[in-house]
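The next block holds one structure in the form of structure tokens; read it before the comments.
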Amino acid sequence: MAADLHNHTIYSDGTLSPAQLLRWGADLKLAYLGITDHDTDEGIEHARRAVEELRRKGFTPPELVPGVELSTEVQSRSVHLLAYWPELGDGPLAGLLARMQRERVARIERMVAKLGEENIFVDLERVRELAGPGVIGRPHVARALVEEGYASSVEEAFDLYLVRGRPGYVPRPKLDPPTAARTVHEAGGVCVLAHPRLVGDEGLVEELAGSGILDGLEAWHPEHNATETQRYVDLAHRYRLVTTGGSDFHAQGEGSGRVGAAIAPDEVVSELWSRRKRR
Ligand code: AMP
Ligand code: FE
Ligand code: FE
Ligand code: ZN
């Protein structure tokens, strides 16, 4: 048994529904599955219903760990925070997510316009269609670019057009890690630094680990090799953080993560949960 605590669904930039993900989780005999869409908890209710439905059909789905992934920025580095068990209600975190969702729409519109100025034509309607019920994001633009033949894969579309310094890039409105973490804690959630290697600055990762704003560090991730994983396990222990892990699964054929491709031991979930109750 194992815990995969980082997955995306059609409610953000993933391509599976929560029900499909949970079905995979059942086949893989995962004990826990985290659903951590970007800037939305919309998939969580669907996932809860899917768990019931799968049980009725005789499957043993993993226990759901509800979460949200927030993109923050510091020192021009992108810092992703995973919030688990947040209670949104109509509190500040719900307000923050609503604002981020609005800003995402505006950003993607600007990106598509910027690409057009460079004679790279993607149809905004098509991008919206690809986002479907999900919170829109760069992967949807990337998939449209691939469809139009501007790139041969989503990764290539990012490298050529959608990352900082490339013609379609538009920065995100600023949200800093302490503000995001405070808002998560106020909502009763716990805060985990996602895929620390992708921050791209180990000094900054250490600073964040020691800053007191985190409850956990995602040590197991498909983009971390064995050496890096061990380094993050050690770093977490040094700062008394829970070590978590997840596949960051988005879509088949995209990125390196499959459901279950990176997992944490089961007891991580209760360790994280107790952080929540301590506050
Ligand atoms: P956004 O939230 O709109 O800024 O888009 C960020 C998302 O794009 C991440 O959550 C990943 O799903 C995906 N992503 C980021 N960088 C890359 C990359 N270099 N190649 C493929 N996908 C990426
Ligand atoms: Fe994503
Ligand atoms: Fe992320
Ligand atoms: Zn993610």
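Order of appearance sets the numbers: ligands from 1, and atoms from 1 within every ligand.
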Is [X] salt-bridged to [Y], going by a charged N under 4.0 Å from an acidic O?
X	Y	result
E109	R128	yes
R110	E103	no
D39	R107	no
R238	D234	no
K114	E117	no

If the Fe ion (ligand 3) is the vertex, what is the angle to ND1 of H80 and NE2 of H195, rounded to 10 degrees?
->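 Value returned, to the nearest 10°, is 100°.
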So, D248 and the Fe ion (ligand 3): N/O/S under 2.8 Å, yes or no?
->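 Checking D248: none of its N, O or S atoms is under 2.8 Å.
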Please name the atom of D13, restricted to N, O or S, that is closest to the Fe ion (ligand 2).
->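 It is OD2, the N, O or S atom of D13 closest to the Fe ion (ligand 2).
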Would you name the N/O/S atom of E69 that lies closest to the Zn ion (ligand 4)?
->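 That would be atom OE1.
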Minimum-distance N/O/S atom that D248 presents toward the Zn ion (ligand 4) =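 For D248, the N/O/S atom sitting closest to the Zn ion (ligand 4) is OD1.
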Please find out if less than 6.0 Å separates the ring center of F249 from that of W24.
->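 Ring centroids of F249 and W24 are less than 6.0 Å from each other.
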Check all N, O or S atoms of E69 and name the one closest to the Fe ion (ligand 3).
->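 The atom in question is OE2.
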CA sep, side-chain torsions, deciding dist, call: H46, Y11, side-chain hydrogen bond (donor to acceptor under 3.5 Å, both in side chains) = CA-CA 10 Å; H46 294 275; Y11 293 100; 3.2 Å; yes
Can you give the angle H250 NE2 - the Fe ion (ligand 2) - H38 NE2, rounded to 10°?
->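 It comes to 120°.
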Is the distance between the Zn ion (ligand 4) and the nearest N/O/S atom of H6 smaller than 2.8 Å?
->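 Within the cut-off used here (under 2.8 Å), H6 does place an N, O or S atom near the Zn ion (ligand 4).
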For the Zn ion (ligand 4), decide whether H8 has an N, O or S atom at a distance under 2.8 Å.
->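 Given the 2.8 Å cut-off, H8 counts as a ligand of the Zn ion (ligand 4).
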